[in-house]
Amino acid sequence: MPDRYPLHELHAAAGARFVAPCGIDLPIDYGDPAAEYASVRRAAGLIDRGPVGLLEVTGKDRASFLHAMLSNDVKSLTPGQGCAAAFLDVHGKVQVLLRVLVLEDRIFVVTPIGMAADTMEALDKFLFSEKAYFRDATGELALLVLAGPEAPALAERLTGQHPPEHAWAHVAARVGDDEVRLVRGGGEIDEPEVWMLTAAGARVWSAVRAAGVPVVGVTAQESLRIEAGTPIYHHDVDASVLLPEIPLDPFVSYTKGCYIGQELVVRVRDRGHVTRHLRGLVMEGEEVPAPGASILADGAEIGRLTSTTFSYGLGRPIGLGFVRRQQSEPGTKLTVRDGERLLPASVSALPFPR
């Protein structure tokens, strides 16, 4: 039997249609994914991020240790601030993409689904005399997201607390009697996002739904995410990918000093280039090719699609994929081979123009 979201029954009661392509029941849609997409573009929608990984880091050296491990500046963050970051190997290859939230007495590290334990084990190998202690807190806090132009105002009406303005900044608040932490998202779907971390997921969900906010399923979420050009681990990025091969600015500080994999990142910036880039592709027709479909230039394979979706904003299939540097300029004409089908395609800037 597939695993389920912690709030599975609430999704079912909202009319979710579930599929389990990766061993977990995913709420694909609630009857009309185009309308769910439109709710985020025009007003607001509720997104359940499901069983994300969560690490709690304590100890007096927690910030300095993470600072030395990760690609972004952690040590200068004060309580209530945060950042996106990557953990690399010594060759600059991405082991995981993370979100770091600094509190008064601890740091939360948000990982992709199923990666908290592996991330903790990998970081622990570099712990020697530092006073930094990791605990896998996965499942203790639900991660709900209000997304759309009305999301900040809606969060304020629900909590009485205005969400922070800067990406990954966060503040304590309450929904009714329940504590939440409001986190300003990093624009991962090209719309304002307010994350709500809470131990009272079901009650907070119910309060948001009572405010008339529609739920947004995975189909609409993928359209929003891919239109924004946001890569996710396991789909677009894995341990074979160099950080400079993806849009890396949200994940990197060039002034923070040394970290694992820094030499490669700086060398590419200053003296070289990578041989491939993650780019957007717009395809003709209506059928969405499968992830893994080949990308061709003059009949030769130059890359593969990593994520695909039907773009409700563009009205056609789009995807993310790696292409050779020589074919990476926006407007370059390519072909996608999906089984026996050949689909004309063109490279797009990210985020995709709407």
Side-chain angles (χ1 to χ4, degrees), residues 49 52-59 61-103 106-127 130 132 134-138 143 164 166-170 181 183-188 193 195 197 225 228-239 241-266 268-269 278:
R49 286 290 168 85
V52 296
L54 183 67
L55 296 176
E56 180 188 74
V57 192
T58 56
D61 298 328
R62 59 189 181 274
S64 58
F65 175 73
L66 289 173
H67 186 84
M69 295 293 104
L70 305 181
S71 60
N72 216 336
D73 186 342
V74 177
K75 192 163 60 174
S76 69
L77 298 176
T78 59
Q81 294 182 327
C83 67
F87 178 50
L88 311 177
D89 70 6
V90 294
H91 306 292
K93 294 183 177 180
V94 182
Q95 306 305 295
V96 65
L97 298 175
L98 306 164
R99 306 295 181 267
V100 177
L101 307 175
V102 176
L103 284 72
R106 69 200 64 204
I107 295 175
F108 283 142
V109 177
V110 182
T111 81
I113 293 172
M115 291 199 67
D118 289 346
T119 301
M120 182 169 64
E121 181 179 352
L123 290 169
D124 186 67
K125 293 177 181 177
F126 294 93
L127 268 173
E130 298 90 350
F134 287 80
R135 186 176 72 86
D136 188 348
T138 300
L143 175 51
H166 299 292
W168 309 119
H170 49 97
R181 182 155 290 273
V183 184
R184 174 66 73 153
E188 297 180 341
E193 299 173 54
W195 292 21
L197 279 166
R225 175 186 74 84
T230 300
I232 59 173
Y233 209 81
H234 294 315
H235 289 260
D236 311 295
V237 185
D238 59 25
V241 173
L242 297 170
L243 186 60
E245 293 175 338
I246 68 173
L248 81 168
D249 285 349
F251 302 101
V252 171
S253 166
Y254 287 111
T255 61
K256 58 161 287 184
C258 295
Y259 59 90
I260 298 171
Q262 180 205 28
E263 182 179 353
L264 180 282
V265 175
V266 173
V268 169
R269 181 197 65 178
L278 187 71

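For the atom pair His67 NE2 and Tyr259 OH, the distance stands at 10.5 Å (nearest 0.5 Å). Between the CG atom in Leu97 and the CG atom in Leu248 there is a gap of 11.0 Å [rounded to 0.5 Å]. Annotation: the span from Leu123 atom CG to Leu98 atom CG amounts to 7.5 Å, rounded to 0.5 Å. The distance from atom CZ of Arg135 to atom OG1 of Thr138, rounded to the nearest 0.5 Å, is 9.5 Å. Note that the CG atom of Leu54 and the OG1 atom of Thr111 stand 8.0 Å from one another [nearest 0.5 Å]. Note that the CZ atom of Arg181 and the CG atom of Leu143 stand 13.5 Å from one another [nearest 0.5 Å].
Shown here for Met69 and Phe126, the closest heavy-atom pair between the two residues is SD-CB, 3.6 Å. Nearest heavy atom pair, residue Asn72 against residue Ala84, reads ND2-O, 2.8 Å. The nearest pair of heavy atoms linking Gly187 to Thr230 is O-OG1, 4.4 Å. Nearest heavy atom pair, residue Ser253 against residue Asp73, reads CB-N, 3.8 Å. The two residues Leu77 and Cys83 come nearest to each other via the heavy atoms CD1-SG, 3.9 Å. Residue Val102 comes nearest to His170 through the heavy atom pair O-CE1, 2.8 Å, listed as atom of the first residue, atom of the second, then distance.
Asp118 pairs by the side chain to side chain donor-acceptor pair (under 3.5 Å) definition with nothing, not counting sequence neighbours.
Applying the 6.0 Å contact sphere to NE2 of His166 captures no more than 12 heavy atoms from other residues, nucleotides or ligands.
The shortest side-chain heavy-atom distance between Phe65 and Val57 does not fall under the 4.5 Å cut-off. Put simply, the side chain of Leu243 reaches to within 4.5 Å of the side chain of Ser71, judged on heavy atoms. You'll find the side chain of Pro244 stays beyond 4.5 Å of the side chain of Val252, heavy atoms only.
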(message) Between Val265 and Gln262, does the side chain to side chain contact (heavy atoms under 4.5 Å, CB included) criterion hold? Intermediate values first, please.
(response) CA-CA 5 Å; Val265 175; Gln262 180 205 28; 5.5 Å; no

(request) Please report the C-alpha distance between Trp195 and Leu197 in whole Å, then the side-chain angles of each, then the deciding distance to 0.1 Å, and finally whether the side chain to side chain contact (heavy atoms under 4.5 Å, CB included) criterion is met. (result) CA-CA 6 Å; Trp195 292 21; Leu197 279 166; 5.5 Å; no

(message) Before you tell me yes or no, could you show the steps for Thr119 and Leu55 under side chain to side chain contact (heavy atoms under 4.5 Å, CB included), namely the whole-Å CA-CA distance, both residues' side-chain angles and the distance that decides it to 0.1 Å?
(response) CA-CA 9 Å; Thr119 301; Leu55 296 176; 4.1 Å; yes

(message) Go through it in stages, so that I can follow the logic: the residues are Leu88 and Val94, the test is side chain to side chain contact (heavy atoms under 4.5 Å, CB included), and I'd like the CA-CA distance, side-chain angles, deciding distance and then a yes or no.
(response) CA-CA 5 Å; Leu88 311 177; Val94 182; 3.9 Å; yes

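Looking only at distances, no side-chain donor or acceptor of Arg106 sits under 3.5 Å from a matching main-chain atom of Glu56. Panel note: side chain Asp124, backbone Met120; no donor-acceptor pair is recorded below 3.5 Å. Under the 3.5 Å distance criterion, the side-chain polar atoms of Asp61 are left unmatched by any main-chain donor or acceptor of Ala132. One N or O on the side chain of Tyr233 and one on the backbone of Ala239 form a donor-acceptor pair closer than 3.5 Å.
Sorted by first and then second residue, the side-chain hydrogen bond (donor to acceptor under 3.5 Å, both in side chains) pairs with a member in residues 84-100 read Arg99-Glu188; sequence neighbours excluded. Within the structure, salt bridge (charged side-chain N to carboxylate O under 4.0 Å, His left out) contacts touching residues 244-261 (residues at least two apart or in different chains) are Glu245-Arg276.
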